[in-house]
Amino acid sequence: MDEHHFYVTTPIYYVNDKPHIGHAYTTILADVLARYNRSLDVPTYFLTGTDEHGQKVQKAAEKRGIPPKQHCDETVVAFQELWKKLGITNDFFIRTTQDNHVAVVQEVLQKLFDSGDIYKKDYDGWYCVGDERFYTEKDLVDGKCPDCGREVTKLVESNYFFRMSKYQDWLINYIETHPDFILPAFRANETLGFLRKPLEDLCISRPKSRLSWGIELPFDRDYVCYVWFDALLNYVSAVGYLRDDGRFARWWPASCQLIGKDILTTHSVYWTTMLKAMDVPLPKTIFAHGWWLIGNTKMSKSLGNVVNPMEMVEKYGVDAFRYFLLSEMTPGQDASFTEDVFVTRYNSDLANDLGNFLSRVIKLTIRSCNGTVPAAGEKLPEDLEFEKTAMDAVGVMEDSLREMKIDRGLDAVLNIARAGNRYFELTKPWKLAKDGDTARLNTVLNVAAGALFRSAVLLSPVMPGKMAELGAALGYSEAEFAACRIAGLRTMLDPVTGRTIADTAGLFPRVEQAPVPEAKPAKAEKKAVSGAVPEGVKLISIEDFCKTRLKTAKVLSAEPVEGADKLLKLQIDLGSEQRQLVAGIAKFYTPEEVTGRTIVVVANLQPAVIRGVPSQGMLLAAKAGKTLRLLAVDGDMIPGADIG
Ligand code: MSP
């Protein structure tokens with residue numbers, strides 16, 4: 001990250017819908033990065049906002065029978081209120097209908113039109129009236145719309161195009177020579193893969209006869225600007241582009257542009273070539289995170305499984321929700337959300353590990369030392385070892401924030417609490433108190449309270465509210481605790497002696513887990529004919545089998561997993577996405593032997609962490625005795641093909 005400034009952005013969200021956990025995740029992630037950078041005294045700017053033009057918004061407004069601007073004004077509130085509730089510290093909230101943004105977009109359009117990077121041409125294609133979209137001949141499926149299957153009509157339309165193709169070679173070279181530009185690295189490869197085909201120019205206009213809700217082209221009033229071309233410019237219009245050179249130079253280039261994996265191309269190709277044409281430097285990093293699945297299924301309105309963040313916050317509290325999202329997802333990979341997984345993690349990490357540790361420290365100090373943290377005496381090896389665990393977590397947390405591996409940082413902090421509980425079991429301070437061994441008791445309580453304080457500071461960007469409460473319980477005023485920095489923990493050798501402890505009745509009360517209903521056997525299973533299979537083998541119905549989604553996948557690369565001689569870590573191409581999976585095949589295949597193969601994987605397995613390495617899916621192999629062979633398909637097959 002740039003030493004002189006930190007400018008972080010989220011995508012701007014469409015106002016046609018209500019905010020969901022995907023939106024909440026990106027915005028919380030940006031917030032944590034912003035809070036952390038501010039705490040390092042790095043000048044920080046955090047931008048989020050809403051994308052208010054285009055067909056989706058126009059349609060949503062039409063459905064409600066109100067003008068689009070009124071629709072935007074009403075729906076934007078849900079986002080703004082949610083960010084307030086989630087403690088989001090954005091410096092600005094941009095709306096693409098704001099006058100300044102509209103004017104900047106028009107100036108950019110004019111500039112690129114004047115320079116010849118935007119030009120007009122006839123576009124002929126197949127138009128689907130239902131979807132209001134153009135398709136090329138090769139997009140069609142059996143001559144019909146590839147999306148809805150309806151008839152399409154041949155249409156010729158004049159439109160304006162951005163000369164994106166001109167920048168293809170430059171972009172390939174830029175990505176290849178800037179390894180931090182698109183992260184995780186496999187997303188850079190995905191972009192390079194996309195750029196292997198000739199890049200077409202981008203249609204950046206829509207005739208008003210088809211779509212009126214957009215920014216008018218300054219050089220042709222019969223057209224409005226394509227919504228993505230307008231939306232992407234928010235990242236620069238918000239920080240003074242073409243308006244305030246000093247301000248723009250202060251913040252741009254952005255340090256970190258967070259996006260979801262589905263909008264990679266619009267950012268890594270459209271946005272970057274637009275910037276190049278505008279002669280504006282590129283952001284330092286575009287980071288694409290994975291998706292939240294609901295169980296194993298895509299979250300979607302039609303499936304009725306969209307998770308409303310507001311409801312989760314009302315039920316479990318802001319900090320628990322922020323903690324869950326950041327600890328459960330490895331940035332870059334998909335993660336699975338269910339309320340059950342939420343409650344399990346909440347109870348195990350926050351109520352049990354951290355909650356028990358903090359309540360033990362606080363209660364014992366109040367009971368045995370009149371509520372004042374005593375000074376430590378001579379430290380024994382177990383004290384030093386526990387202190388080291390807490391100190392080591394500082395570096396892990398810092399690295400994890402820099403390298404976008406926040407789940408690892410959080411795990412290291414939770415490990416302090418886990419080690420703290422073990423430390424108490426080992427040193428038994430309650431027994432020391434009972435036996436009157438004050439010297440030893442004082443040391444143990446001092447060491448434990450110090451570790452608890454460090455945990456509170458380390459967790460504060462993620463759980464600002466609860467950690468401020470914990471700071472207060474450890475005798476820190478609000479201002480004093482807010483001034484404590486992660487980086488400062490290394491030099492704060494004794495942050496707790498003499499502090500007055502206050503009781504915190506349950507920072508993280510345990511939540512009762514709703515019982516998981518026992519699965520009823522499927523009808524087909526009941527009717528199964530007995531005797532058809534060997535005894536002890538349970539029959540499954542076709543419905544049961546169909547729950548497992550088997551797919552072909554191509555192994556893009558493979559490497560050993562450090563410290564685990566049986567495991568290989570594979571990057572695989574599943575057609576529509578790339579994933580990482582960990583497989584116990586290292587004794588049977590070298591990384592070189594598996595790379596390039598087409599294998600068979602279970603695509604809808606819950607993500608797991610195997611020896612500290614996230615794994616999304618499982619490959620299939622046949623095993624007999626000491627032999628293992630990978631399952632393969634007979635002949636060539638594309639990655640992502642369904643098996644069954
Ligand atoms: N308006 C565009 C972005 C323009 S940025 C110049 C847009 N908006 S969106 O509201 O549809 O999506 C915003 C973000 O939400 C995207 O980054 C997308 O990846 C993310 N998510 C949508 N569903 C998601 C999950 N299920 N999980 C995580 N994030 C997901 O696209």
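Side-chain atoms are counted along with the backbone in the values below, which use heavy atoms only and exclude waters and symmetry mates. We count ligands from 1, going down the list as the structure has it; atoms in each ligand are counted the same way. All of these numbers come straight from a predicted model, not from anything done at the bench.
Residue D51 places at least one N or O, backbone or side chain, under 3.5 Å from an N or O of ligand 1. Ligand 1 has a nitrogen or oxygen under 3.5 angstrom from a nitrogen or oxygen of I12.
Atom CD1 of I28 is separated from atom CH2 of W83 by 7.5 Å, given to the nearest 0.5 angstrom. The line from CD1 of I175 to CZ of R187 is 13.5 Å long, rounded to the nearest 0.5 Å. Considering CG of L233 and OH of Y241, their distance stands at 8.0 Å, rounded to 0.5 Å.
Contact atoms of ligand 1 toward H289: 28 (C), 29 (N) (distance under 4.0 Å to a heavy atom of the residue). Per-residue contacts place G260 under 4.0 angstrom from the following atoms of ligand 1 (heavy atoms of the residue considered): 17 (O), 19 (O). Counting the atoms of ligand 1 from 1 in the order shown, those under 4.0 Å from a heavy atom of I263 are 16 (C), 17 (O), 31 (O). Residue D262 approaches ligand 1 through these ligand atoms, each under 4.0 Å from one of its heavy atoms: 18 (C), 19 (O). The distance from ligand 1 to the heavy atoms of M299 drops below 4.0 Å at these ligand atoms: 26 (N). Close contacts of ligand 1 with P11, meaning ligand atoms under 4.0 Å from a residue heavy atom, involve 5 (S), 17 (O). When each atom of ligand 1 is checked for a heavy atom of G290 under 4.0 Å away, the hits are 28 (C).
For atom 28 (C) of ligand 1, the candidate residues are P19, G22, A335; the nearest heavy-atom contact is made by G22. Nearest to atom 4 (C) of ligand 1 by heavy-atom distance, out of W228, W271, F79, is W228. Summarising the contacts of atom 11 (O) of ligand 1 with Y13, Y14, Y235, the nearest heavy atom is found in Y14.
A donor-acceptor pair under 3.5 Å is formed between the side chain of Q58 and the backbone N or O of S212. Put simply, the side chain of D201 gets close to the backbone of M164: a donor and an acceptor are under 3.5 Å apart. Formation of a donor-acceptor pair under 3.5 Å by the T552 side chain with backbone atoms of G640 is found in this model.
For CD of E74, the number of neighbouring non-hydrogen atoms (other residues, nucleotides, ligands) closer than 6.0 Å is greater than 12.
For atom 20 (C) of ligand 1, the nearest protein heavy atom lies 4.0 Å or farther away.
In this model, no donor atom of one side chain and acceptor atom of the other lie less than 3.5 Å apart for Y7 and D91.
Counting only heavy atoms of the protein, atom 12 (O) of ligand 1 lies nearest to H23 NE2, 4.0 Å. Summary of contacts: the protein heavy atom closest to atom 27 (N) of ligand 1 is W292 N, 2.8 Å.
Taking the centre of each ring, F324 and F337 come in below the 6.0 Å mark.
Residue H20 places a heavy atom less than 4.0 Å from ligand 1.
With respect to K315 and E339, a salt bridge is recorded, a charged nitrogen being found less than 4.0 Å from a carboxylate O.
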